[in-house]
2 protein chains.
Amino acid sequence: MTTAKSDTIAAQISKTLAARIIAGEIEAGAKLRQDHIAEEFGASHVPVREAFKRLESQGLVVSEPRRGVRVAGFSVDEVREVAEMRAALETLALRNAVPHLTRAILDQAEEANRAGDRALNVQAWEMANRTFHRILLAPCGMPRLLKAIDDLHTASARFLFSGWRAEWEAPTDRDHRAILDALRAGQTEIAATTLARHVQTIGQKKPK
Amino acid sequence: MTTAKSDTIAAQISKTLAARIIAGEIEAGAKLRQDHIAEEFGASHVPVREAFKRLESQGLVVSEPRRGVRVAGFSVDEVREVAEMRAALETLALRNAVPHLTRAILDQAEEANRAGDRALNVQAWEMANRTFHRILLAPCGMPRLLKAIDDLHTASARFLFSGWRAEWEAPTDRDHRAILDALRAGQTEIAATTLARHVQTIGQKKPK
DNA sequence: ATTCTAAAAATTATCTATAATTTGGACTAA
DNA sequence: TTAGTCCAAATTATAGATAATTTTTAGAAT
């Protein structure tokens with residue numbers, strides 16, 4: 001998680017907290033005390049509050065007025081919900097991206113996929129996986145859609161990390177290759193349905 | 001727009017500003033000066049900033065660090081984007097809602113539809129339209145999905161109001177009836193595809 | 001006339017301080 | 001013991017003040 005120095009303090013705090021929540025360093029349901037966090041970052045609590053607002057819109061924390069914010073929990077139902085939303089939105093993005101996909105872009109995606117295969121831990125694999133999806137979908141040119149998908153990826157990553165914590169081995173991603181092959185062959189529909197199925201299987205990998 | 005007294009000041013400001021932006025009272029691209037707004041609401045600028053954050057997550061304003069926020073513009077591309085996202089997400093919600101739909105719920109939806117036919121202005125029609133969609137989709141029990149759809153409805157409403165401003169006549173909504181008929185007959189797929197087409201036509205009603 | 005520079009004004013972002021609300025615990029009464 | 005209530009501590013929410021940044025304006029040089 002790169003916290004650019006040009007960002008506002010609120011943005012930096014938001015990114016750092018998001019990374020912690022996703023990594024599972026802060027457990028679900030834990031209260032986030034604004035004064036404590038402000039002290040840790042050497043800031044006042046005003047930018048902390050703004051960071052909270054951002055995290056809330058990403059679905060990482062829930063806030064009750066006058067009672068503070070706590071890390072959002074996630075049930076199996078929510079994991080499934082996120083997976084289904086991803087399937088719906090990523091297929092939409094893919095269909096709109098296809099006309100703009102070039103050979104070079106597909107090669108980039110393949111490289112990202114190989115990076116995933118080489119990943120030594122789940123964090124590295126997740127980053128490569130996200131890159132793969134982003135490279136393929138970005139050419140759709142629909143910024144609002146891409147942002148929504150990105151937030152859903154964040155939610156997915158949280159679930160992924162919570163499940164695979166200790167033992168983990170890089171799965172060679174057959175689905176990714178199948179998607180690439182279909183795209184190279186101009187079979188948009190096959191690519192889209194494969195992507196939809198692929199995303200939904202993520203929600204089924206059992207935690208622990 | 002009901003601003004409950006129990007809400008925080010930030011929430012009240014956010015709702016009021018959202019209503020103004022949707023109604024077109026503040027034009028796209030206009031700067032929102034936090035001090036001026038704070039003064040108008042008799043508050044300090046801290047809750048104003050938090051309200052801005054909320055509006056940003058809804059896509060109603062865009063913010064550049066250290067340069068303030070301005071009302072988001074919306075091109076025809078963005079309108080189409082929102083329409084396509086709605087089509088994808090609302091069909092997903094509908095498919096998941098169908099098993100929980102009862103006769104009573106369908107009757108409620110029909111009543112909302114009639115309210116739309118009786119609407120005297122575009123605002124009343126929009127509210128009835130949103131109610132219709134919400135009644136049908138809420139039983140899916142996917143809160144994150146429903147919130148996303150609601151934000152997209154807000155964006156759609158902005159476009160709708162900008163187009164039809166002065167002259168307007170209530171269109172009897174054939175699509176809504178077709179959806180209800182299909183649901184009553186247990187034809188989920190027909191209902192879903194009709195809904196998808198219905199949502200996308202909204203993006204095609206030409207403004208002016 | 002135009003463009004570059006610098007000072008001034010306006011605005012945003014943050015900090016410190018104050019007010020309001022909630023939570024937890026102790027004490028009292030049933 | 002068990003509620004119930006009240007007080008104190010902790011925490012959130014807002015206000016007022018300060019610092020930092022950007023935009024505007026004026027002036028000078030080409």
Side-chain angles (χ1 to χ4, degrees), chain A residues 1-21 25-73, chain B residues 1-21 25-73:
Chain A
M1 195 63 58
T2 55
T3 57
K5 192 165 188 306
S6 64
D7 284 345
T8 63
I9 292 180
Q12 294 178 38
I13 295 175
S14 160
K15 285 181 183 172
T16 305
L17 289 181
R20 283 187 198 166
I21 294 172
E25 291 174 30
I26 318 176
E27 63 186 315
K31 272 188 196 165
L32 294 180
R33 251 73 73 102
Q34 58 184 16
D35 279 358
H36 298 185
I37 293 169
E39 190 179 13
E40 176 191 340
F41 285 88
S44 86
H45 62 248
V46 178
V48 174
R49 292 175 62 76
E50 295 186 15
F52 283 173
K53 274 267 183 258
R54 184 182 188 85
L55 295 173
E56 190 182 3
S57 78
Q58 292 181 306
L60 291 177
V61 306
V62 292
S63 132
E64 292 176 283
R66 314 240 167 225
R67 300 188 60 179
V69 309
R70 47 181 66 236
V71 177
Chain B
M1 195 62 60
T2 54
T3 58
K5 193 167 185 304
S6 65
D7 284 344
T8 64
I9 293 180
Q12 294 178 37
I13 296 174
S14 160
K15 284 181 184 172
T16 304
L17 289 181
R20 284 186 197 168
I21 294 172
E25 292 174 29
I26 318 177
E27 63 186 313
K31 273 188 196 163
L32 294 180
R33 250 75 71 105
Q34 58 185 16
D35 281 357
H36 299 185
I37 293 169
E39 189 179 15
E40 176 190 341
F41 285 89
S44 90
H45 60 248
V46 178
V48 174
R49 292 177 61 78
E50 295 187 15
F52 283 173
K53 275 268 182 251
R54 185 181 187 83
L55 295 173
E56 190 182 3
S57 78
Q58 292 181 305
L60 291 177
V61 306
V62 292
S63 122
E64 291 176 282
R66 315 235 165 231
R67 300 185 59 179
V69 308
R70 49 181 64 235
V71 177

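Lettering of chains follows the sequences in order, A, B, ..., and the numbering in each one begins at 1.
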Do the side-chain N or O atoms of A:R67 get closer than 4.0 angstrom to the phosphate oxygens (OP1, OP2) of C:dT23? yes

With a 3.5 Å cut-off and heavy atoms only, can you find an N or O donor on one side and an acceptor on the other between the side chain of B:H45 and the base of D:dT14? no

Check: A:S14 side chain, A:A10 main-chain N or O, donor-acceptor pair, under 3.5 Å: no

d(CZ, B:F52; C1', C:dT12) in whole Å: 11 Å

Answer with base, sugar-phosphate or nothing: what part of the nucleic acid does B:R33 contact at a heavy-atom distance below 4.0 Å? sugar-phosphate

Would you say B:R49 reaches C:dA13's phosphate, i.e. side-chain N/O to OP1/OP2 under 4.0 Å? yes

So does A:E39 have more than 12 non-hydrogen atoms from other groups sitting under 6.0 Å from CD? no

Which heavy-atom pair separates B:D35 from B:H45 by the least distance, and what is that distance? OD1-ND1, 3.7 Å

When rounded to whole Å, the CD1 to C1' distance for the pair B:I37 and D:dT14 reads 17 Å

Whole Å only: how far is the NZ atom of A:K31 from the P atom of D:dT11? 8 Å

Without decimals, in angstroms, what is the distance between B:R70 CZ and D:dT23 P? 10 Å

Among A:V61, A:L32, A:L60, side chain to side chain contact (heavy atoms under 4.5 Å, CB included) partner for A:I26: A:L32

Which atom names give the shortest non-hydrogen contact between A:R49 and A:Q34, and what distance separates them? CG-OE1, 3.1 Å

Take the protein atom CD of A:E39 and the nucleotide atom P of D:dT11, then report the distance between them rounded to whole Å. 11 Å

From C:dT16, D:dT12, D:dG16, nucleotide with atom closest to A:D35 side chain: D:dT12

Rounding to an integer number of Å, can you tell me how far B:I9 CD1 sits from D:dT12 P? 17 Å

Regarding the side chain of B:Q34, the nearest nucleotide among C:dT12, D:dA15, D:dT12 is C:dT12

Rounded to whole angstroms, how far apart are NE2 on B:H36 and P on C:dA10? 10 Å

Gap between atoms CD and P, on A:E64 and D:dA13 respectively (whole Å): 11 Å

